[in-house]
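What follows is one structure encoded as structure tokens, with my remarks underneath.
The sequence lines fix the lettering, A, B, ..., with proteins before strands; numbering per chain opens at 1. What you see is a predicted model, and the numbers here were worked out from it, not measured in a lab. The analysis underlying the following values was restricted to heavy atoms, covering all of them including side chains, and did not include hydrogens, waters or symmetry mates.
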Protein chains: 2
Amino acid sequence: MPQKVTIATVARHARVSRQTVSNVLNAPHIVREETRQRVQEAISALGYRANQAARQMRTGRSRLIATRIEPTRDGINGSVLDRFLHGLTDAAGVAGYRIVLYTAADDTAELATYDDLLGAYDLDGFVLTGTDHGDPRTAWLAERGVPFVTFGRPWDTPDQHPWVDVDGASGAAQATNRLLETGHRRIAFIGWPTGSGVGDDRRSGWRTALRAAGLDPTDLDRETSDGIVQGEQVARNLLALPDPPTGLVCASDSLALGALRAVRALDRPVAVTGFDDTPVAEAVGLTSVSQPLGRAAARCMDLLTRILDGPRGDGPHQVLLRPTLVVRQTA
Amino acid sequence: MPQKVTIATVARHARVSRQTVSNVLNAPHIVREETRQRVQEAISALGYRANQAARQMRTGRSRLIATRIEPTRDGINGSVLDRFLHGLTDAAGVAGYRIVLYTAADDTAELATYDDLLGAYDLDGFVLTGTDHGDPRTAWLAERGVPFVTFGRPWDTPDQHPWVDVDGASGAAQATNRLLETGHRRIAFIGWPTGSGVGDDRRSGWRTALRAAGLDPTDLDRETSDGIVQGEQVARNLLALPDPPTGLVCASDSLALGALRAVRALDRPVAVTGFDDTPVAEAVGLTSVSQPLGRAAARCMDLLTRILDGPRGDGPHQVLLRPTLVVRQTA
DNA sequence: CCTTGCATCTTGAACGATCCAATCGCGGTG
DNA sequence: CACCGCGATTGGATCGTTCAAGATGCAAGG
């Protein structure tokens, strides 16, 4: 049973005072080089690790960042957050932080959880995902001066806080352009009801791309809630038009999967693209828009540490990343 | 800017000593009822929350539990861990713990991370997932007396530590029996190479079910690494036999998806079942074995808190849960 | 009336780090 | 030779909590 190694142990071993050891760790430049090395050797010889609890008590900083883990609603889209979370954990580790998870049934419960996490664990900051119009969470956090970054744009308030997002319009445009390049002229969009920031963004990309090609998007724009069944129904509907589309750009892989089912019933080929490049897309060979989740997570941590670790060279506080189109069999 | 509320603030407000407040929180039975209520009122009136860092420094307990988040290897199976993680976070919250994430490139890095987490954050325990034969992690942790639970059986050493697992043999047997009940007599198994605990377990379930029905599994047992392409290839091979199987029990949804592709090329119907009931299975209508991940996570936390929060009524330290078969179109 | 025991509550110290103010050594200056 | 300035180092106080030991009050027992 090895004795506990504290800063005092290291100090004795290197024949300096505790404060000098502390300085070596927190302000190396004010310690003479020779002394610094001696202390460093003692640290690694003894396997010393600063006790976070003690440090936190004194400094009020925990080096802990919270993020929420969702109850895998759809199951398909869940994997997006899963991958983001992995990237976040990685990036946090590099920056010397750790990710703490929490769940919340609804918004009220979530705010209560914030209070708890801040009060009991002295969390340094939050990473929020899936923000939508009029999100109460950002206001709550901003009000209390808690550092946070959102993955997802604040759709109402312009740039009140740091965020990272993926350009959904660009993604949808890329998918649409791919179809245009392969000769399609009648390209429909299957998306969510207007009103959701993410959904409207993707829709606008499709619309813009069509218009840029001199085509009219009227009649080809459909709205439905997310899901395979819904996608199939809407797609069937579209394909029964007098002048049916030959390409379907979908706002999610779930919708695209449904669309694929509708297409399979036909004898003519219809191109389909999805969104998010979920494992399902890869499995069934669905062309889909892939979000750079690892990079997004890294940028989130970057923005957050910039706030936490003091005013470093500024750079932008808002980051918009471009997704890429992964071309497979369906388009 | 509200003043920080400490145990001393509460003590003053309730006109008792700090220690009495502490007792109300940690050992309510030794405080007079009347006093207890007065303190409780002060606590809620002031919105007091015990500072974890200070508590941790004194007790050496952090109420933090670590678990690893994997780099979504296959992508399909990733969602299993995702759902488990969500359940774990929930269960931990109820028990008054929080989940901290970490990643690790390889086993050596993982052990180093353990050291770091224990040294710096004083973690209370670990939940390990995906244990396999001769896992170095369990030995390392056990050696140092660190509390941990594994989700997944230790396949070599019999019951050295608490674990929770899902009965893969039962799952495969259920899938096999379903096919037997619907009239199938030639039922093949597509699994992973022998040597992996999980894979062998599932294979044995299929074999046992066949034997119990008086059927001979010889010739119908196949081994391949996980993946859609691999599944397709092996299935095609099986279906080309002189006396081909009419049902395919697969060790994973990935393999089953591949098998489905092979089947689609045929004109006769062949039943296929998968394993893990991933979102993909639901998406394509694949019959699959569903693991009770939420319950598994809850049992993990239960076993862990039993170790951490002192000797409660024992009960078993090993839990084997039964999966259920989700019947869809493919079988 | 004093002792004993029990229940209840209070006081001082400790956990391990950082912050603060004071001290030390040392070469240069008046 | 006393003094100064400056960088490097030191000891003490501090964060908020729990532990260990001591104090208090009350009732029963001798």
Side-chain angles (χ1 to χ4, degrees), chain A residues 2-40 42-43 46-64 96 118-124 309-310, chain B residues 2-40 42-43 46-64 96 118-124 309-310:
Chain A
Q3 200 58 29
K4 204 179 288 180
V5 179
T6 78
I7 204 169
T9 322
V10 177
R12 264 198 306 279
H13 195 271
R15 289 194 238 150
V16 293
S17 68
R18 291 164 318 179
Q19 180 62 26
T20 303
V21 179
S22 175
N23 284 337
V24 168
L25 295 172
N26 303 313
H29 55 279
I30 68 166
V31 180
R32 188 165 24 122
E33 178 58 19
E34 181 199 324
T35 315
R36 203 188 59 71
Q37 287 200 359
R38 191 150 39 96
V39 172
Q40 281 293 5
I43 287 179
L46 296 168
Y48 166 76
R49 254 170 244 283
N51 181 315
Q52 273 300 325
R55 167 177 290 176
Q56 174 182 348
M57 179 140 68
R58 192 73 194 128
T59 63
R61 304 266 314 274
S62 61
R63 307 205 73 82
L64 249 33
L118 289 169
Y121 290 89
D122 265 325
L123 272 136
D124 287 353
D309 298 342
Chain B
Q3 201 57 29
K4 203 179 290 179
V5 179
T6 77
I7 207 169
T9 322
V10 177
R12 263 197 307 278
H13 195 272
R15 292 196 236 149
V16 293
S17 68
R18 293 166 326 208
Q19 183 60 27
T20 302
V21 178
S22 174
N23 285 336
V24 167
L25 294 172
N26 303 313
H29 56 279
I30 67 166
V31 180
R32 197 175 7 136
E33 179 59 18
E34 181 201 324
T35 315
R36 203 187 59 72
Q37 287 199 0
R38 190 150 40 95
V39 172
Q40 281 293 5
I43 287 179
L46 296 167
Y48 166 76
R49 253 170 246 283
N51 181 316
Q52 272 300 325
R55 169 176 289 176
Q56 173 181 349
M57 180 142 72
R58 192 72 189 120
T59 62
R61 304 266 313 275
S62 61
R63 306 206 72 83
L64 250 33
L118 289 169
Y121 290 90
D122 266 324
L123 273 136
D124 287 352
D309 298 341

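Rounded to an integer number of Å, the gap from B:Arg38 CZ to C:dT8 C1' is 12 Å. Nucleotide C:dA17 holds its P atom 10 Å from the CG atom of B:Asp122, rounded to whole Å. Rounded to a whole Å, the CG atom of B:Asn23 is 17 Å from the P atom of D:dG22.
In terms of the side-chain contact (heavy atoms from CB on, under 4.5 Å) criterion, residue partners of B:Thr6 (sequence neighbours excluded) are, by chain and number, B:Ala8, B:Thr9. Among residues two or more places apart in sequence or in another chain, the side-chain hydrogen bond (donor to acceptor under 3.5 Å, both in side chains) test is passed with A:Asn23 by A:Gln19. In this view, B:Arg32 and B:Glu34 satisfy the salt bridge (Lys or Arg N to Asp or Glu O under 4.0 Å) rule, not counting sequence neighbours. For the salt bridge (Lys or Arg N to Asp or Glu O under 4.0 Å) test, no residue two or more places apart in sequence or in another chain qualifies with B:Arg18. Checked against side-chain hydrogen bond (donor to acceptor under 3.5 Å, both in side chains), B:Ser22 has the following partners two or more places apart in sequence or in another chain: B:Asn26. Qualifying salt bridge (Lys or Arg N to Asp or Glu O under 4.0 Å) partners for A:Arg49, counting only residues two or more places apart in sequence or in other chains: B:Asp115, B:Asp116. Remark: A:Gln40 engages A:Val24, A:Arg36, A:Ile43 in a side-chain contact (heavy atoms from CB on, under 4.5 Å) (not counting sequence neighbours).
Taken over five-pair windows at either terminus, the axes of the helix from C:dC1-D:dG30 to C:dG30-D:dC1 are inclined to one another by 80° (rounded to 10 degrees).
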A correct 5'-to-3' footprint of nucleotides 11-17 of chain D, with B, S and - meaning base, sugar-phosphate only and no protein heavy atom under 4.0 Å, is BB-BBBB
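Counting all heavy atoms, side chain and backbone alike, B:Asp122 lies closest to B:Ser62 at O-OG, 2.7 Å. Minimum heavy-atom separation, A:Tyr48 to A:Val5: CD1-O, 3.5 Å. The heavy-atom pair separating B:Ala42 from B:Val10 by the smallest distance is CB-CG1, 4.0 Å.
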Table please: side-chain donor-acceptor pairs of residues 52-60 of chain B below 3.5 Å, with sequence neighbours left out.
residue, atom, partner, partner atom, Å
B:Gln56, NE2, B:Tyr121, O, 3.0
B:Thr59, OG1, B:Arg55, O, 2.8
B:Thr59, OG1, B:Arg61, N, 3.2

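Distance check, rounded to the nearest 0.5 Å: CG of B:Asp309 to CG of B:Asp124 gives 8.5 Å. Considering OG1 of A:Thr35 and CD1 of A:Ile30, their distance stands at 11.5 Å, rounded to 0.5 Å.
If you check every strand for non-hydrogen atoms under 4.0 Å, B:Thr59 touches sugar and phosphate atoms only.
DNA chain C is contacted by B:Val31, B:Arg32, B:Thr35 of residues 30-37 of chain B, taking any non-hydrogen atom closer than 4.0 Å.
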For nucleotides 22-28 of chain C, list the nitrogen or oxygen atoms of the protein found under 3.5 Å from its nitrogen or oxygen atoms, one pair per line.
none

